[in-house]
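Counting begins at 1 with the first residue of the sequence.
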Amino acid sequence: MSFPLLTATAVLPAVGAIATAAVPAARRTAAKWLALLVSLATLVLAAIVLVRFDPDGDRYQLTESHWWIKDFGVRYELGVDGIGVALIALTALLIPFIILAGWHDADPLETGNKRWRPTQGFFALILGVEAMVILSFEATDVFLFYIFFEAMLIPMYFLIGGFGDRAHEHGEETASTQRSYAAVKFLLYNLVGGLIMLAAVIGLYVVAGNFSLQEIAEARANGSLDMATNTERWLFLGFFFAFAVKAPLWPLHTWLPNAMGEATAPVAVLITAVVDKVGTFAMLRFCLQLFPEASKWATPAILVLAVISIIYGALLAVGQRDIKRLVAYASISHFGFIIMGIFAMTSQGQSGATLYMVNHGISTAALMLVAGFLISRRGSRLIADYGGVQKVAPVLAGTFLIGGLATLSLPGLAPFVSEFLVLVGTFARYPVIGIIATFGIVLAALYTLVLYQRTMTGPVKPEVATMPDLRVRELVVVAPLVVLLIFLGVYPKPVTDIVNPAVKATMSDVQKKDPQPEVEAAK
């Protein structure tokens with residue numbers, strides 16, 4: 001039997017989470033280093049997965065399959081395609097930076113009630129989320145995927161509600177109430193989506209007789225499994241609803257600004273750059289592959305919702321007073337682009353959407369983590385409380401600018417390529433949708449440049465006059481992300497070479513071909 005590499009990639013952070021939680025309370029620093037070392041070891045395993053994956057080989061590789069609950073047809077079945085490999089690499093890459101950025105975020109608080117923040121628990125929960133997200137990207141059994149799709153909500157609930165942002169304008173008591181509200185809202189929204197998906201998972205088993213993604217897809221392709229049209233549409237809607245909540249897509253998005261606003265900056269990155277990607281990934285892997293006809297039937301409505309997300313999220317970002325909520329609404333706009341690219345049903349659109357998932361994760365991590373460093377220095381999330389920071393902390397301001405420019409998809413930075421591909425792919429089949437979506441780019445430039453102008457330029461406010469620049473630990477977090485943004489902006493080929501064969505297979509699943517350009521015949 002070959003070494004179960006995919007299992008090891010997920011089990012290592014899970015075991016690390018248990019070990020970190022078991023570290024004695026008095027040895028907080030040891031728990032931090034243990035969590036960091038486990039995340040780096042997981043990154044090494046993810047790199048091995050990336051190296052061993054052959055883009056020109058089978059669709060699903062490094063597969064593992066064992067019976068789990070044989071009486072119910074549930075298997076422990078893993079496999080990765082190019083899209084899954086790219087997102088596993090993104091997840092494993094970001095977790096060490098999240099841990100380093102949050103190095104002091106769970107240290108004990110000296111407040112009126114001397115509330116204790118269990119440091120070990122904070123880092124153990126982050127590793128637990130990493131394990132569940134990686135397994136979600138690997139699972140090719142629908143029921144197995146559902147288990148981890150839902151299970152990741154529990155550690156995220158405690159990370160949001162128990163380890164919220166210390167910078168709050170209304171004091172600790174109000175902050176605690178708002179953290180609890182944000183955590184409960186996050187949990188309820190996603191639980192409702194998960195329960196609806198569970199009904200669809202059961203319905204799929206009744207129709208197909210098993211939970212294996214590959215077996216069901218093959219049966220659909222060769223005609224041995226023929227779903228009634230209405231049945232397929234209802235099952236598709238059950239899956240898509242859960243993924244649209246997780247992504248999130250308008251109007252199911254309202255939990256995200258609360259969760260990101262009240263969480264610490266590293267946990268906010270974990271939410272939008274890692275966990276939320278499971279939703280858009282699952283649209284590609286499960287919705288399009290299991291329900292191709294229903295996916296095409298729902299495409300017009302989904303594209304409309306995606307465009308609303310793009311414009312709505314960008315407009316609300318423009319009007320934000322809170323730095324972290326601005327980034328949250330910007331992410332809603334970006335997820336609109338990703339979903340639009342997926343359902344444009346073109347190879348450019350889907351390649352761009354997959355590349356966008358990777359690039360958005362890196363750019364949002366860069367911007368939000370620098371914003372977190374800024375907020376921790378001033379003790380405020382309000383934009384109005386800043387001004388002239390670039391004069392006293394030029395490196396911080398410079399990295400903040402690069403993160404912001406990546407968010408608005410400036411040419412030369414990684415998100416530009418993916419956003420361009422999404423728009424080209426959408427315009428080729430749905431030109432009106434593509435034209436409307438471009439207004440999101442204009443609004444992105446507005447909210448990003450206004451944010452930078454109000455926080456970094458102008459007279460130096462007294463409260464920021466003594467603000468220190470980025471420290472060594474913070475530079476170690478930010479510098480690699482900036483390098484990646486520039487490298488993938490100039491040379492995205494390493495990622496596109498991995499994801500393009502998987503996109504081609506998905507296009508084949510839905511039996512769609514790229515529209516041919518209309519060229520007037522030469523006279």
Requested in this report: Output the distance between atom CD1 (Ile160) and atom CH2 (Trp255), rounded to the nearest 0.5 Å.
Outcome: 7.0 Å

Requested in this report: Check whether more than 12 heavy atoms from other residues, nucleotides or ligands sit under 6.0 Å from atom CZ of Phe158, and answer yes or no.
Outcome: no

Query - Donor-acceptor pair, side chain of Thr272 and main chain of Ala268, under 3.5 angstrom - result: no

Query raised in the report: Atom CD1 in Ile441, atom OG in Ser333: separation rounded to 0.5 Å?
Result: 9.5 Å

Requested in this report: Before giving the answer on side-chain contact (heavy atoms from CB on, under 4.5 Å), spell out for Glu138 and Thr9 the whole-Å C-alpha distance, their side-chain angles and the decisive distance to 0.1 Å.
Outcome: CA-CA 10 Å; Glu138 295 173 346; Thr9 308; 3.9 Å; yes

Requested in this report: Compare every heavy atom of Ser363 with every heavy atom of Ala406, then report the nearest pair and how far apart it is.
Outcome: CB-CB, 3.8 Å

Query - Exam field: side chain Arg381 to backbone Ile375, donor-acceptor pair closer than 3.5 Å - result: no

Query raised in the report: Which of these passes side-chain contact (heavy atoms from CB on, under 4.5 Å) with Val269: Val275, Val274, Ile98, Ile95?
Result: Ile98

Report task. Mark yes or no for whether Asn359, through its side chain, and Leu485, through its backbone, hold a donor-acceptor pair below 3.5 Å. Result -> no

Report task. Please examine the side chains of Val389 and Arg378, heavy atoms only from C-beta on, and report whether any two atoms are closer than 4.5 Å. Result -> no

Query raised in the report: If you round to the nearest 0.5 Å, how far is CZ of Phe243 from CG of Leu252?
Result: 13.5 Å

Query raised in the report: With a 4.5 Å heavy-atom cut-off, do Ile99 and Leu127 have their side chains touching?
Result: yes

**Report entry** For Ala465 against Val392, the heavy-atom pair lying closest together
**Finding:** O-CG1, 3.6 Å

Query raised in the report: Crowded around Arg52 CZ? As in, over 12 foreign heavy atoms under 6.0 Å?
Result: no

Requested in this report: Could you tell me whether the side chain of Thr407 reaches within less than 4.5 Å of the side chain of His334, counting heavy atoms only?
Outcome: yes

Requested in this report: State, with a plain yes or no, whether a side-chain heavy atom of Leu374 is found less than 4.5 Å away from one of Met467.
Outcome: yes

**Report entry** Test log, rule side-chain contact (heavy atoms from CB on, under 4.5 Å), inputs Thr448 and Leu367
**Finding:** CA-CA 10 Å; Thr448 300; Leu367 179 60; over 6 Å; no

Requested in this report: Look only at the side chain of Arg321 and the backbone of Ala384, and say whether a donor-acceptor pair between them is shorter than 3.5 Å.
Outcome: no

Requested in this report: Please name the residue in the list Phe335, Tyr312, Phe186 that meets the ring pair (Phe, Tyr, Trp, His ring centres under 6.0 Å) test with His253.
Outcome: Tyr312

Requested in this report: Would you name the heavy atoms of Val422 and Gly352 that are closest together and state the gap between them?
Outcome: CG2-C, 3.5 Å

Query raised in the report: Just by distance, with hydrogens left out, do Thr7 and Glu64 show a side-chain donor and acceptor under 3.5 Å apart?
Result: yes

Query raised in the report: Looking only at atom types and distance, does a side-chain atom of Arg325 sit under 3.5 Å from a main-chain N or O of Leu316, one as donor and one as acceptor?
Result: no

Report summary line: When rounded to the nearest 0.5 Å, the distance separating OH of Tyr189 from NZ of Lys246 is 15.0 Å

Query raised in the report: Got a sec: does the OH of Tyr60 have more than 12 other heavy atoms crowding it under 6.0 Å?
Result: yes

Requested in this report: Step through it carefully: locate the ring centre of His360, locate the ring centre of Phe337, and say whether they are under 6.0 Å apart.
Outcome: no

Check residues 78-92 and write down every donor-acceptor pair under 3.5 Å in which the side-chain atom is one partner and the other belongs to a residue at least two apart or another chain.
| unit_1 | atom_1 | unit_2 | atom_2 | d |
| --- | --- | --- | --- | --- |
| Asp81 | OD1 | Ile83 | N | 3.3 |
| Asp81 | OD1 | Gly84 | N | 2.9 |
| Asp81 | OD1 | Arg285 | NH2 | 3.4 |
| Thr91 | OG1 | Leu87 | O | 2.9 |

**Report entry** Side-chain heavy atoms of Asn190 within contact of Met156, under 4.5 Å
**Finding:** no

Query raised in the report: Is there side-chain contact between Val278 and Phe148, with at least one heavy-atom pair below 4.5 Å?
Result: no

Query raised in the report: Can you name the nearest heavy-atom pair linking Ala314 to Leu443, along with the distance?
Result: CB-CB, 3.5 Å

**Report entry** Short side-chain to backbone donor-acceptor contact, Thr280 and Lys277, under 3.5 Å
**Finding:** yes

Requested in this report: Decide yes or no on side-chain contact (heavy atoms from CB on, under 4.5 Å) for Ile498 and Leu50, but give the supporting numbers first.
Outcome: CA-CA 9 Å; Ile498 292 172; Leu50 187 63; 3.4 Å; yes

**Report entry** Any Leu488 side-chain heavy atom under 4.5 Å of Val417 side chain
**Finding:** no

**Report entry** Residue that, paired with Phe137, satisfies ring pair (Phe, Tyr, Trp, His ring centres under 6.0 Å) out of Phe149, Phe145, Phe281
**Finding:** Phe281

Report task. Calculate, to the nearest 0.5 Å, the distance between atoms CD1 and CD1 belonging to Ile308 and Ile332 respectively. Result -> 13.5 Å

**Report entry** Donor-acceptor under 3.5 Å (Tyr386 side chain, Ser380 main chain)
**Finding:** yes

Query raised in the report: Is there a side-chain contact between Lys32 and Thr119 (heavy atoms, below 4.5 Å)?
Result: yes

Query - Val395 and Val478: CA distance, side-chain angles, deciding distance, side-chain contact (heavy atoms from CB on, under 4.5 Å) verdict - result: CA-CA 10 Å; Val395 178; Val478 176; over 6 Å; no

Report task. Compare every heavy atom of Met456 with every heavy atom of Ala397, then report the nearest pair and how far apart it is. Result -> CB-SD, 3.7 Å

Report task. For Phe416 and Pro411, work out which heavy atoms get closest and say how close. Result -> CG-CA, 3.6 Å

Report task. Report yes or no: does Ser376 contribute a side-chain atom to a donor-acceptor pair with the main-chain N or O of Phe373 at less than 3.5 Å? Result -> yes

Report task. Could you grab the distance from atom CD1 of Ile383 to atom CD of Gln320, nearest 0.5 Å is fine? Result -> 7.5 Å

Requested in this report: Taking atom types as modelled, find out whether Tyr181 and Glu262 have a side-chain donor-acceptor pair closer than 3.5 angstrom.
Outcome: no

**Report entry** For Phe163, the option from Val267, Ile126, Leu125 that meets side-chain contact (heavy atoms from CB on, under 4.5 Å)
**Finding:** Leu125

